[in-house]
Asker: 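I have a structure here, written as structure tokens, and I will follow up with some questions on it.
Each residue takes its place number in the sequence, starting with 1. The structure displayed is predicted, hence computed values, not measured ones.
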Amino acid sequence: MKITVRSASEDDLSALLALYSELNPDDAPLPQASADAIWTAISKQQGRTILIAEVDGSAAGTADCMRSGCLLAGEGT
């Protein structure tokens with residue numbers, strides 16, 4: 001089994017949406033135009049990264065990470 005964690009790209013959007021749909025399977029699917037607009041907004045946020053985990057090439061998990069300051073570097077939030 002090979003596990004890879006990397007920054008997600010726009011090409012991963014359908015895989016991310018499939019993972020998110022597992023959290024709330026009764027919710028209606030997000031329209032593609034809305035998903036594209038949200039991805040564009042997220043990708044413009046400085047310090048924010050969406051990670052995707054793959055197991056043997058298939059999406060298995062995701063994390064939404066945002067840098068908001070670092071105590072060790074003496075930065076505020």
Side-chain angles (χ1 to χ4, degrees):
M1 173 180 2
K2 180 180 178 187
I3 299 172
T4 305
V5 178
R6 61 177 175 76
S7 294
S9 70
E10 188 173 0
D11 292 339
D12 296 309
L13 191 52
S14 63
L16 292 170
L17 292 173
L19 288 171
Y20 296 149
S21 72
E22 291 180 20
L23 295 173
N24 296 300
D26 295 331
D27 287 356
L30 189 64
Q32 189 63 47
S34 296
D36 292 339
I38 293 167
W39 180 263
T40 298
I42 288 171
S43 65
K44 290 180 181 178
Q45 294 178 9
Q46 187 174 3
R48 189 171 182 185
T49 302
I50 305 294
L51 299 176
I52 187 166
E54 297 174 321
V55 175
D56 296 330
S58 295
T62 185
D64 188 344
C65 306
M66 183 168 219
R67 186 174 188 274
S68 63
C70 177
L71 180 62
L72 296 176
E75 300 172 2
T77 54

Asker: Rounded to the nearest 0.5 Å, how far does CD1 of Ile42 lie from CG of Leu16?
Answerer: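 Answer rounded to 0.5 Å: 9.0 Å.
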Asker: How close do Ile52 and Ala15 get, counting heavy atoms only, and between which atoms?
Answerer: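 So the minimum-distance heavy-atom pair works out to CD1-CB, 4.3 Å.
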Asker: Are the side chains of Asp27 and Tyr20 in touch, meaning some heavy atoms are under 4.5 Å apart?
Answerer: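 Heavy-atom side-chain distance check fails, nothing below 4.5 Å.
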Asker: Enter the distance from Leu13:CG to Asp36:CG here, rounded to the nearest 0.5 Å.
Answerer: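 Reported to 0.5 Å precision, the distance equals 6.0 Å.
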Asker: Given 3.5 Å as the limit, does a donor-acceptor pair link the side chain of Asp56 with the main chain of Lys2, or not?
Answerer: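 Such a contact is found between Asp56 side chain and Lys2 backbone.
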Asker: Verify side-chain contact (heavy atoms from CB on, under 4.5 Å) between Ile50 and Asp12, making sure each step is shown before the conclusion.
Answerer: CA-CA 10 Å; Ile50 305 294; Asp12 296 309; over 6 Å; no
Asker: Any side-chain to backbone donor/acceptor pair from Thr62 onto Leu51? Under 3.5 Å, distance only.
Answerer: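 A pair under 3.5 Å: yes.
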Asker: What pair of heavy atoms forms the shortest contact from Thr49 to Ser7, and how long is it?
Answerer: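 Taking every non-hydrogen atom into account, CG2-OG, 3.5 Å.
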